[in-house]
Amino acid sequence: MYISTRTPTLSQLRAFSAVADHLHFRDAAAAVGTSQPALSGAIVALEEALGTQLVERTTRRVLLTPAGERVARHTRRVLDALADLVDEAESARRPFTGPLHLGVIPTVAPYVLPALLRLVREEYPELRLYVHEEQTGSLLDGLTGGRLDLLLLALPSGISGVEEIPLYEEDFTLVVPEGHELASRSDVPRSALRGLDVLLLDEGHCLRDQALDVCREVGAGEAGATRAASLPTLVQLVAGGLGVTLLPQTAIDVETRPGSQLAVSRFAAPAPYRRIGLVLRSSTGRGEEFANLAVALRRAVGGLPVRVVE
């Protein structure tokens with residue numbers, strides 16, 4: 001059995017695809033912008049490379065052999081894939097085009113995504129944004145493994161091989177049931193946490209770790225085994241009288257609406273806070289694009305109760 005060691009060239013595949021489409025050498029040559037002799041030579045070279053006859057030439061018409069029919073289908077797929085590759089490379093050269101897989105932590109996503117999505121829709125219409133809401137550990141694994149392109153989460157990330165771009169800082173507030181002795185105060189000392197049952201999120205949420213840091217700083221602990229998987233559940237537990245909790249400032253308007261049976265209190269200065277920013281691989285080729293996105297994001301969150309970090 002004949003086994004070819006030659007690889008077909010791109011020009012040969014394009015010539016054969018044109019012949020398969022037109023079944024006419026003159027029309028096929030015109031379609032690819034070459035002469036008939038050059039086209040015929042490319043077809044002969046492709047047949048020699050593949051070790052099989054692809055085209056049956058008669059005095060009146062051109063036919064594809066059974067092998068030619070099968071090779072034609074593969075050839076079209078190869079040329080389509082090549083066109084996709086070229087388009088993808090072209091998009092990569094132009095900032096804010098093509099796909100962007102953005103990972104966001106759950107304690108940021110509901111409160112910042114509206115501003116982010118509006119920004120993308122209005123300023124970057126060619127950017128295909130895919131949002132992945134996951135806990136911090138999963139997001140960092142996704143970034144370093146290449147599944148995600150960019151992260152929006154609390155800084156510092158605590159891993160190597162990445163760059164961090166700070167966006168904003170936001171204070172933590174104390175959320176208590178209506179009628180609580182600390183309700184609606186604006187000067188709550190951190191030490192007040194020592195005598196309170198502080199409800200926290202489940203393991204894996206970075207907000208849990210940040211809240212625990214605040215509690216440990218003043219010698220306070222969390223409220224037994226009561227934990228929640230999300231901020232909406234957490235505030236429902238507070239409304240039910242099971243304890244108090246710490247919420248980032250951006251979550252207040254969404255999670256403590258009128259009628260929620262909750263009251264919001266502010267810590268005395270300096271209030272505990274968290275810093276939110278973008279995290280990207282140090283090796284990415286989109287560093288400049290992401291830096292420019294950070295500038296736009298700082299503008300987009302300017303209307304939120306945060307301190308923008310320039």
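- Between Gly103 and Leu148, the shortest heavy-atom contact is CA-CD1, 4.2 Å.
- Taking Glu123 as the reference, Arg299 meet the salt bridge (charged side-chain N to carboxylate O under 4.0 Å, His left out) condition, with sequence neighbours excluded.
- Atoms CZ and CG, from Phe16 and Leu64 in turn, are 5.0 Å apart once rounded to the nearest 0.5 Å.
- The 12-atom threshold is not exceeded at CD of Glu288, counting heavy atoms of other residues, nucleotides or ligands nearer than 6.0 Å.
- Between Ile43 and Phe25 there is a side-chain heavy-atom pair separated by less than 4.5 Å.
- Residue pairs satisfying the salt bridge (charged side-chain N to carboxylate O under 4.0 Å, His left out) criterion with at least one member in residues 249-261, sequence neighbours excluded, are absent.
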Derivation of the side-chain contact (heavy atoms from CB on, under 4.5 Å) call for Leu79 and Leu10
CA-CA 8 Å; Leu79 294 177; Leu10 182 58; 3.7 Å; yes
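- Not a single donor-acceptor pair under 3.5 Å links the side chain of Glu170 to the backbone N or O of Pro305.
- Considering only residues two or more places apart in sequence or on other chains, Arg76 meets the salt bridge (charged side-chain N to carboxylate O under 4.0 Å, His left out) condition with Asp21.
- The cluster map of Ile, Leu, Val, Met, Phe, Trp and Tyr, joined by side-chain heavy atoms under 4.5 Å apart, puts Leu278 and Val295 in different clusters.
- Two residues are said to be in side-chain contact when any heavy atoms from C-beta on lie closer than 4.5 Å; Leu82 and Leu13 fail this criterion.
- Looking only at distances, a side-chain donor or acceptor of Ser40 sits under 3.5 Å from a matching main-chain atom of Gln36.
- Note on ring orientation: taking the six-membered ring where Trp is involved, the planes of His101 and His132 are tilted (angle from 30° to 60°).
- The stretch residues 173-192 participates, sequence neighbours left out, in these salt bridge (charged side-chain N to carboxylate O under 4.0 Å, His left out) pairs: Arg185-Asp187, Arg190-Glu217.
- Residue pairs meeting the salt bridge (charged side-chain N to carboxylate O under 4.0 Å, His left out) criterion with at least one partner in residues 301-310, sequence neighbours excluded, are Glu169-Arg307, Asp171-Arg307.
- Using a 4.5 Å heavy-atom threshold, the side chains of Tyr111 and Leu304 count as separate.
- Remark: side-chain polar atoms of Thr173 are not paired, donor with acceptor, to backbone N or O of Ser265 under 3.5 angstrom.
- When the side chains of ILVMFWY residues are joined at heavy-atom separations under 4.5 Å, either directly or via intervening members, Leu119 and Tyr130 end up in two distinct hydrophobic clusters.
- Counting all heavy atoms, side chain and backbone alike, Ala72 lies closest to Ala20 at CB-CB, 3.9 Å.
- When hydrophobic clusters are built by joining Ile, Leu, Val, Met, Phe, Trp and Tyr residues whose side-chain heavy atoms come closer than 4.5 Å, directly or via intermediates, Leu139 is grouped together with Ile159.
- Although no hydrogens or angles enter the test, the distance criterion places no donor-acceptor pair under 3.5 Å between the side chain of Glu56 and the main chain of Leu63.
- For the pair Thr284 (side chain) and Gly287 (backbone), a donor-acceptor distance under 3.5 Å is absent.
- The pair Glu164-Arg275 fails the salt-bridge criterion, with no side-chain N (NZ, NE, NH1 or NH2) lying under 4.0 Å from an Asp/Glu carboxylate O.
- Partners of Ser260 by side chain to side chain contact (heavy atoms under 4.5 Å, CB included), not counting sequence neighbours, listed by chain and number: Thr256, Leu262.
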